[in-house]
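Structure record follows, encoded as structure tokens.
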Amino acid sequence: MIEMKPVLLSLLALAVAAHGFTGITVAERGQASAYTVVIPAKASPSERFAAHEFHDWTFRLTGVRIPIREKTPVTAKAIYLNREKLDPALGEEGFELEAVGGDIRVSGGKRGVLYGVYELLERFGGIAWLDAGFTDIPKTDVFEIPSDLKSRQLPAFARRVHDWRRVGSDLDFCARSRINHYHLRECHGGSYAKFDGPLGWCHTFNYLVNPDKYFDGHPEYFSLFKGKRQKSYSQLCLTNPDVFKIVLEKTLERIRFNESKTNNVKYYGISQNDWNGYCECEKCAAIDAREESHAGALIDFLNRIAAEVEKQYPDVVIETLAYMYSRKPPKNLKPRHNVMPLLCSIECDFSKPMAESRFKENVAFRSDLEKWRKISNHLMIWDYAGNWRATPCPQHNLRTVWENSRYYRAQGVTELFHEGKVFLEDGQSEEFAALKAYLASKAMWNPDRPVRPVMERFCNAYYGKGAPFVLEYIDFLERQPADETATPLIYSTTIDKMPWTDEFLGEARVLWRKAEEAAAAADESASVKSNIFWGAFCADYTALAKYIHGGEWRPVIVSEKFASSMDKAKFAKMRSLARDIVEVMDKRPGQVVLSSRLNDFRHKGLVRALAAAELPSGGGAGGKAAVQDGLITYNDFPKSKTIFRECDAGATDGWVIHVHKSDPGWLMSFNMNNSAAFDEDVKYRLRVRVRVTPEEGVAPEKAIVSLGLFDRNVRKDVLSASVSAAVSKGEWTWVDLGEWTAKNDNCIFHAGSRGCAFKLDSFEITR
């Protein structure tokens, strides 16, 4: 949806008045334009698209249609796209803007000419592409460009990518944001050199040497970790000669495939899986010891692969992660010129910019970055600027997104990825996601500008008359005292670990309500009101989440002491807020995300549990509490499509967790800490409602679900039981695990299976 905002003067007219420029009038409302957009006779798709973009957006700005011609010269005044021979230094993305004798020239590479047109429209037309579907167009009478215009721009980073909002799916918006990583069409000038599909930029060891295919016959291909070759959660043995041959051939196979398809693929990822478990065999350990880093064996392996690849494909780049155990650079080895480390900041705090944070992990990351920079020909950063675990909650990282881009550019980083967190295509409940996307896009092109005017430009259009209160909230957020050494905000910080006080959250909600009132009084558009609504939703949910996850209320109350000590007035207030949040979740299910992946089910389950909760009668605890499946965390990683939460008419609440494939490990769990309130030294009984079905070819008595209660203090199960398909007979069955003496924070309920599929409805705790 396009937002139109009337203004008295165009931004350019204001600039002309302020600086005394002589303006070239490109278009004036109600008048035929004296200008023609001129493209080469054999214009490329991106030159043609750039011409039409200039035509279309100028019309939306002024109501004037500027004609497009494909031959030169013309007698009329002209806006030339790539009239002269291009300067090779502009590359694919740089551009030059110049006014010469009343004509305007836009020169640039296959994406650069398009970016040059967007620069004219943004800087002098005042148009701003703020979000996918939300463009701010100042309705003006005159579109002017300075007669002394002369500008040349090159991007700060060769590859620019983030995943906030819909930048990767709305490709026109992607191009207008100057993000070049995604699969842009030819009309956009194509994308930056791509990564291979299967050999993408992360976690490819299992694709290259699949343990399901190789482990049983060749366990020596996989990492020796803690004295044992690992099949699950393994890495590769990087000194094994057969592993080298397999990885090299698989890589060459992918290169040959892409060459045959003339795909624009240059980068091939050979990188560790997403867990620890590096190889500790004698040869791998010797290299790591010599290099004083677990990146030692990795870089040694990749250098050998890259040397062989270069013999046939000299332009190919082999990428790898410098991540977790491999982040520290090797002492002596250097990556070959065709090897690119991708350095990941997953452990780092983002409440302060990287260059100034005192958090120990940030200090270590800076040291590692400086060393990688000195030894690497190419260097990419994966910056974890978002939060998986509490997406709607305040994260004072707006300045961090901008300043980190500036810092990385100064460190010689050539390619940059800001990881946001968008879990749904139309998700709206990530705090300031659109603003962070806008800032990230602008910073990766040019981080030298001050960030505040960019932020104000966005807010004044996106929040309309509510913007002053939103900006006041941003300032209030930035002023909050936060010691990153004590309370760091990392990619997975939960609300109970954030430094937000009730007073801060209360004032935040007040400011968002004022923004809503101002927008309503000004009769702002539905889009502006929606933008403010979601900001207010995030503030409301944060206050609720702090109550839920901070331990003031628990969904399982079988403690007389806890129930009698609860703040009843606050409970009633928070329950009312939970009901408001549930109403939004039900009305807009495709737009609400509270946390990452499967935790989102549990977080929504906690909100629903509070919305439906009643205090135990008389202020004392009831003798029984049910834990529904919506509160249980289940884990299907690294498996695929094996566990779902789904509707089931036979369930007590209509929902179940359905496990489609057996695994004896912990397929699901429920952590009693901050979820259940017990009276210590009192006995409780635990029973679970399940339904078991044998897998094909498995005898019912051998199709078994195992259930347990694990005590973290003694590191073993204090309760355990199992039920077979022979007992369940395909029907719902209550399994009694027995009695235990409760401790408030030491137990985890868990479930696994062998030879069966099963459904879990709920479990029940009885005092």
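All values derive from a computational prediction rather than experimental measurement.
- We find that Asp600 and Arg389 are not joined by a salt bridge, their nearest charged nitrogen and carboxylate oxygen being 4.0 Å or further apart.
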List the steps and the verdict of salt bridge (Lys or Arg N to Asp or Glu O under 4.0 Å) for Arg327 and Glu347. CA-CA 11 Å; Arg327 197 188 78 189; Glu347 302 90 350; 3.0 Å; yes
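- Ion pairing between Asp448 and Arg409 holds under the 4.0 Å rule for side-chain N and carboxylate O.
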Show your reasoning for whether side chain to side chain donor-acceptor pair (under 3.5 Å) applies to Trp388 and Glu419. CA-CA 10 Å; Trp388 288 44; Glu419 180 180 291; 2.8 Å; yes
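- For Asp383 (side chain) and Ala385 (main-chain N/O), no donor-acceptor pair under 3.5 Å exists by modelled atom type.
- Using cut-offs of 30° and 60° on the angle between ring planes, the pair Trp129 and Trp57 is perpendicular.
- In this structure, Ser675 and Pro555 approach most closely via the heavy-atom pair O-CD, 3.0 Å.
- Salt-bridge formation is not detected for the pair Asp496/Lys546: no Lys NZ or Arg NE/NH1/NH2 atom is positioned less than 4.0 Å from an Asp or Glu carboxylate oxygen.
- In this structure, Tyr384 has its ring center at least 6.0 angstrom away from the ring center of Phe350.
- A donor-acceptor pair is defined here as one N or O able to donate and one able to accept, closer than 3.5 Å; such a pair exists between the side chain of Gln395 and the backbone of Cys393.
- Under a 3.5 Å cut-off, the side chain of Arg165 and the backbone N or O of Gly427 do form a donor-acceptor pair.
- Among all heavy-atom pairs drawn from Ile495 and Thr542, the shortest one is CD1-CG2, 3.8 Å.
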Go through it in stages, so that I can follow the logic: the residues are Arg123 and Glu119, the test is salt bridge (Lys or Arg N to Asp or Glu O under 4.0 Å), and I'd like the CA-CA distance, side-chain angles, deciding distance and then a yes or no. CA-CA 6 Å; Arg123 201 198 317 178; Glu119 181 73 9; 3.1 Å; yes
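- In this structure a side-chain-to-backbone donor-acceptor pair under 3.5 Å is missing from Ser376 to Met340.
- Taking 4.0 Å as the cut-off between side-chain N and carboxylate O, Glu370 and Arg373 do not count as a salt-bridged pair.
- In this structure, Glu516 does not pair ionically with Lys529, as no charged nitrogen and carboxylate oxygen lie closer than 4.0 Å.
- Distance alone, capped at 3.5 Å, places no donor-acceptor pair between the Asp136 side chain and the Ala461 backbone.
- Leu416 has its side chain within reach of Ser405: a pair of non-hydrogen atoms, C-beta onward, lies under 4.5 Å apart.
- Taking the six-membered ring for Trp and thresholds of 30 and 60 degrees, Tyr323 and His203 have ring planes inclined between 30 and 60 degrees apart.
- In this structure a side-chain-to-backbone donor-acceptor pair under 3.5 Å is present from Asp567 to Lys570.
- Looking only at distances, a side-chain donor or acceptor of Ser441 sits under 3.5 Å from a matching main-chain atom of Ala437.
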Output, in order, the C-alpha distance, side-chain angles, deciding distance and verdict of side chain to side chain donor-acceptor pair (under 3.5 Å) for Lys436 and Asn397. CA-CA 9 Å; Lys436 291 170 189 173; Asn397 60 349; 3.3 Å; yes
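- Here Lys442 pairs with Glu122 in a salt bridge; the nearest charged N to carboxylate O distance falls below 4.0 Å.
- Val510 places none of its side-chain heavy atoms less than 4.5 Å from the side chain of Phe469.
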Trp201 vs His181, test: ring pair (Phe, Tyr, Trp, His ring centres under 6.0 Å). Steps then yes/no. CA-CA 12 Å; Trp201 57 4; His181 168 83; 4.9 Å; yes
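- Using a cutoff of 4.0 Å between basic side-chain nitrogens and carboxylate oxygens, Lys514 and Glu517 are not scored as salt-bridged.
- A heavy-atom distance below 4.5 Å is not found between the side chains of Arg602 and Leu594.
- The aromatic rings of Trp553 and Tyr547 sit parallel to each other, their planes meeting at less than 30°, with 60° as the upper class boundary.
- A salt bridge is defined here as a Lys NZ or Arg NE, NH1 or NH2 lying under 4.0 Å from an Asp or Glu carboxylate O, and Arg579 with Glu583 fails to meet this definition.
- Aromatic rings from Tyr438 and Phe458 are positioned such that their centres are separated by under 6.0 Å.
- Classified by interplanar angle (parallel below 30°, tilted 30° to 60°, perpendicular above 60°), the ring pair His603/His549 is tilted.
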Ring pair (Phe, Tyr, Trp, His ring centres under 6.0 Å) between His396 and Trp500, worked out: CA-CA 11 Å; His396 40 18; Trp500 315 128; 5.0 Å; yes
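- A donor-acceptor contact shorter than 3.5 Å links the side chain of Ser565 to the backbone of Lys561.
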Side chain to side chain donor-acceptor pair (under 3.5 Å) between Trp164 and Glu430, intermediate numbers included: CA-CA 9 Å; Trp164 272 296; Glu430 182 174 3; 3.0 Å; yes
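- Between Phe537 and Tyr541, the ring planes are parallel. Angles under 30° get that label, and only those over 60° would be called perpendicular.
- Counted by atom type alone, Asn180 and Glu93 present one or more donor-acceptor pairs between their side chains at under 3.5 Å.
- A 4.5 Å side-chain heavy-atom check between Leu342 and Ile381 finds every atom pair outside the cut-off.
- Cation-pi geometry between Arg399 and Trp402 is not met: the NZ or CZ atom fails to fall both under 6.0 Å from the ring centre and inside 45° of the normal.
- Residues Met566 and Ile557 have side chains in contact (heavy-atom distance under 4.5 Å, counting atoms from C-beta outward).
- Classification of Lys604 and Asp586 as a salt-bridged pair fails, no side-chain N sitting under 4.0 Å from a carboxylate O.
- The side-chain tip of Arg588 points at the ring of Phe533 from less than 6.0 angstrom away and within 45° of straight on.
- Between Leu471 and Asn460 there is a side-chain heavy-atom pair separated by less than 4.5 Å.
- Under 4.0 Å is where a charged nitrogen must lie from a carboxylate oxygen, and between Asp580 and Arg575 no such pair does.
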Residues Tyr463, Trp512; criterion ring pair (Phe, Tyr, Trp, His ring centres under 6.0 Å); working and verdict: CA-CA 11 Å; Tyr463 299 111; Trp512 280 106; 5.8 Å; yes
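- Salt bridge status for Glu484 with Arg358: present, with a side-chain N to carboxylate O gap under 4.0 Å.
- For the pair Ser525 (side chain) and Val528 (backbone), a donor-acceptor distance under 3.5 Å is present.
- One distance of note links CG of Asp163 with OG of Ser169; it measures 11.0 Å at 0.5 Å rounding.
- No salt bridge links Lys328 with Asp368; every basic N to acidic carboxylate O contact stays at or beyond 4.0 Å.
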Under the ring pair (Phe, Tyr, Trp, His ring centres under 6.0 Å) criterion, do Phe476 and Phe504 qualify, and how do the steps go? CA-CA 8 Å; Phe476 185 48; Phe504 163 73; 5.2 Å; yes
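- Checking side-chain atoms of Ser151 against main-chain N and O of Leu97 turns up no donor-acceptor pair under 3.5 Å.
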